[in-house]
Every structure is written in structure tokens, then in C-alpha cells.
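In what follows, every heavy atom counts, from backbone to side chain, and hydrogens, waters and symmetry copies are set aside.
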Amino acid sequence: VNLTEETWEMFIKLLLSICDSLIGSGVSNGSDYDRALGLNLAPLLFKTLFETWLHSRTRSPSLWGTLCRLLQAHWTHLLPLITQWNAITLALTTRMLFLAYKPSSSSSSGTSTTTPVKGGGGTMTYVEDDQSQLQQQNETQRMRSNVKSVKPIARERGVVIQLDDGAVELDLDHDYVFYAWHRMLGVLGNPNSLSNPSNFYHAISGISTMVSAFTTTTRLGCSSPPDGNTVLQFFGSWLFEAAKLNRQGYDEGTSLALETLCNIFTTFHKGTRFHPIYFAALYSCLAESYSSEGRVQITGLMSSLDFFTYEFPGVRVVLPQLLVALHGALSTTTPSIPLVASHESLRRSCIGLLGQMICLPQRFGVCSFSTVTLSTK
């Protein structure tokens, strides 16, 4: 639709006013009927608002600022908003990664047709030949699908947003894809400030799926794929804070954030020299998870199995908390929390961790340490 910039801005302002009147501050003191009407209309309202927003290709700082203000102040209590934000950001992430890190055709050994392949949460990446497709399918089977309603479809052109009710393709300029991805990523604010545990979990699920898109791009063998530090620069602050969010009812999202962080470090351990500050933050999260109980502790034990094998710098700093957690997990006869891990899988992971530590006394038992005498004046 060829509309002027002023016309698009008028439509956006009208939609913002409608959304805020029906589901935001306009119904805070309204009747039960008004609130029920707003909740029922919320999915369509957010879908229309965000799709119109991207169609307009607006870069107006005032409009983006108004969206952030209204969204964070009045709308984040609604799950349809989180679902729509997940769909929008994942679709933009998929397209952005394709534009920035598309595998070169010279690396293909088969047919050069571009095929969408299903990954965590839906189809996210491109493959250029049958061999790459098989590799992609094997890799994505290892990913955890956390956002059941978000299923992005990768295409050669356009940004495709897919929810349960269908898909919408937007033909956006390349530069606007990068701009909109960066701005949409921040409109929700800090997901750790969400007051609803379910919304918090779904927001972390969306972030986890975007991280999976980055890791999938790396596994495809692009010429210059993103490294682990890049991914942590985008999502690390949210994930590190979420992994240490000790709030009642938030354990599901906290455990998912911890699992996502561990996946980043294990996936990028070969090609990334992680900054020491990221290692320090990770070990702090792991130590706290080992000292906790239930779902978070189980996730910490099962997600850090490879850390000692990869010999991450400083990983032995978590040994005191880990040994206590292993003793508790191996000595209990009660089954683990349902839908987290079976008791057998948890014990297998614990035994694997314990086996990696048995050699430590032999390795360091005969080491001689130099002594330093401090002179006093």
C-alpha cells in the first residue's frame, strides 16, 4: 500500500489509542464486561498493531518511544502481547540472520534450492543442499521447542510472521529489517520485570528460541558466523539476571534461562574466546542453581555436564556447591519433578559429573605450590 509517511503515522497513533483504550489504562477502572472484551480482542489488536507498524517502516523516535511507554506500563500483563512479541522478534531474527550470515553457495555440494527446515519453535533457517538439510534436521532435533504458538517460516524474500491462525509475509527493505529487529527487541523492556510468572516464562521462551536461531546459523558452517560473545551481548544481561531470579513461581522461566546460557557456552566453546566477565556471571548462576532446590537445581546439574570436559577457565570454582548438590541428588530415592527430567536421567548426569571430578585429586595431589613470603616493614 503506497501511503505517505504522515498517513502511516496517523494509522499507528489511532491503533495505539484503540489498544490503550480497550486493554490498557482505559479499562483499569472499567466494568468486568469492558475488561473481558479487551482480553478477547487483545490477540487481534496486537496482531494488527505490530503488522501495521512494520508495514509503515516508521523510524520516528517519538512513535517508538510511545510504543515502549504504553507497552511496558499498561500491556505486559497480557499473554497475547508476549506471544505476538515472540512471533515478531523471531521472524525478524530469522530474516536478519539470513541476510547477515547466509551460507555461501560455494559451500554447497548438492542442489542449490533454498529449503525451509523446522527447528526449535518452527522453521527458522535455510539449507542449500540435501547434505546441509540432513545436518540441520539432526541439529534442530536437539533443540527444545518452548514457544508452541510461534512457528516462523524462512523465505528467500520478506519477513514471515506465523502464529496458530496463519502466516503473514512482509516485504521489508534489508536495512529496515536490521533497524526493526533492534528496536522490537527492546520494546518489551527487561523481561525480568514482568509481574506474571507465566508471561515471564513465555518471554524467556521467546529469547531462548532466538538464541537457538543464532546457534543453528553457527552449526550450518557460515563463512563468518556470530560467536558466543555476540549472542551474549544481545541476550546475556536478560538471561544472567533471569537465571538468578529467586522468586516464587518463576522457577520454570529461571531454569529455562539457565539452560539457554549453558547451551550458548557449549555450542560456541570451539570458536569463541568468551570474555572473563561472562564466565564469572555463568559460574555465579551455576553456583546459585546448585544451592537451590527443585527444577532449577535439576536444570543446573543436567545442563553443565560438558563444562568440565571442555575445561572452561575457572570452572572448578563451582566444585563446593556442585559436590553438595550431587550428594543430595544421588542420595535421594524420590523421583525428580515431572516434565523436567526422569530420575534415571538425573542420576546419569550426576554420575557423569562425578566421574569428571574423580581424577582431580590425582591431577593436583602431587603439585607443589610456591610459597611467597611477605616482608613487613
Side-chain angles (χ1 to χ4, degrees), residues 1-16 19 46-73 75-76 81-102 121-122 124-126 150 152-163 167-191 203 206-207 209-214 216-218 222 224-227 229-239:
V1 181
N2 295 323
L3 300 178
T4 64
E5 182 178 349
E6 292 77 12
T7 304
W8 278 118
E9 290 189 1
M10 180 189 66
F11 274 121
I12 290 175
K13 292 178 181 178
L14 179 61
L15 285 172
L16 288 173
C19 289
F46 290 133
K47 182 176 184 294
T48 304
L49 172 63
F50 282 107
E51 290 176 6
T52 303
W53 196 286
L54 292 179
H55 267 300
S56 71
R57 298 168 176 79
T58 180
R59 297 174 185 257
S60 170
S62 61
L63 284 180
W64 282 100
T66 302
L67 176 64
C68 293
R69 178 178 57 82
L70 291 176
L71 191 150
Q72 296 174 25
W75 303 347
T76 53
L81 170 68
I82 309 300
T83 302
Q84 187 66 43
W85 180 78
N86 286 343
I88 292 290
T89 53
L90 185 55
L92 289 171
T93 300
T94 302
R95 181 61 176 161
M96 182 273 295
L97 290 174
F98 177 78
L99 295 174
Y101 305 109
K102 179 181 177 182
M124 298 191 303
T125 57
Y126 303 82
V150 179
I153 298 179
R155 300 289 178 90
E156 186 65 30
R157 292 183 179 180
V159 174
V160 181
I161 308 164
Q162 184 173 352
L163 291 171
V168 175
E169 182 172 356
L170 307 178
D171 188 11
L172 303 179
D173 298 334
H174 293 180
D175 60 337
Y176 190 74
V177 170
F178 290 93
Y179 176 84
W181 176 78
H182 180 262
R183 296 303 298 258
M184 279 294 178
L185 205 61
V187 296
L188 191 65
N190 188 346
I207 295 172
T209 310
M210 285 187 280
V211 170
S212 295
F214 275 86
T216 303
T217 303
T218 302
C222 302
S224 57
D227 64 359
N229 289 319
T230 300
V231 178
L232 289 173
Q233 286 173 359
F234 290 136
F235 308 105
S237 60
W238 291 341
L239 292 173

Does the side chain of [Y] come within less than 4.5 Å of [X]'s, by heavy atoms?
X: Leu99; Y: Phe178; result: yes
X: Phe50; Y: Ile161; result: no
X: Cys19; Y: Leu70; result: no
X: Glu5; Y: Arg57; result: no
X: Val168; Y: Lys47; result: yes
X: Arg69; Y: Thr66; result: yes

For [X] against [Y], the heavy-atom pair lying closest together:
X: Ala91; Y: Val160; answer: CB-O, 3.1 Å
X: Pro226; Y: Phe214; answer: CG-CD2, 3.8 Å
X: Met184; Y: Trp64; answer: CE-CH2, 3.9 Å
X: Gly189; Y: Trp238; answer: O-CZ2, 3.6 Å
X: Gly158; Y: Glu169; answer: CA-OE2, 4.0 Å
X: Gln72; Y: Gly186; answer: NE2-O, 3.7 Å

Do Thr83 and Asn86 pair up side chain to side chain, a donor and an acceptor below 3.5 Å, judged on atom types alone?
no
Thr52 side chain to Leu49 backbone, donor-acceptor under 3.5 Å:
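Not at all, since once roles are kept as given, no pair shorter than 3.5 Å links the two residues.
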More than 12 heavy atoms of other residues, nucleotides or ligands under 6.0 Å from CD of Gln233: yes or no?
yes
Could you check whether atom OH of Tyr179 has more than 12 heavy atoms from other residues, nucleotides or ligands sitting under 6.0 Å from it?
yes
Approximate separation, where rounding is to 0.5 Å, of [X] [atom1] and [Y] [atom2]:
X: Leu63; Y: Cys68; atom1: CG; atom2: SG; answer: 11.0 Å
X: Gln162; Y: Leu90; atom1: CD; atom2: CG; answer: 10.5 Å
X: Phe46; Y: Ile82; atom1: CZ; atom2: CD1; answer: 8.5 Å
X: Glu51; Y: Leu15; atom1: CD; atom2: CG; answer: 11.0 Å
X: Phe11; Y: Leu3; atom1: CZ; atom2: CG; answer: 6.0 Å

Apply side chain to side chain contact (heavy atoms under 4.5 Å, CB included) to Leu67 and Trp75, showing your working.
CA-CA 10 Å; Leu67 176 64; Trp75 303 347; 4.3 Å; yes
Show your working on side chain to side chain contact (heavy atoms under 4.5 Å, CB included) between Leu185 and Met210 and close with a plain yes or no.
CA-CA 10 Å; Leu185 205 61; Met210 285 187 280; 3.7 Å; yes
Among Thr89, Ile88, Leu92, which residue meets the side chain to side chain contact (heavy atoms under 4.5 Å, CB included) test with Trp181?
Leu92
Verdict with reasoning, Thr94 to Phe98, per side chain to side chain contact (heavy atoms under 4.5 Å, CB included):
CA-CA 6 Å; Thr94 302; Phe98 177 78; 5.8 Å; no
Apply side chain to side chain contact (heavy atoms under 4.5 Å, CB included) to Trp8 and Thr58, showing your working.
CA-CA 8 Å; Trp8 278 118; Thr58 180; over 6 Å; no
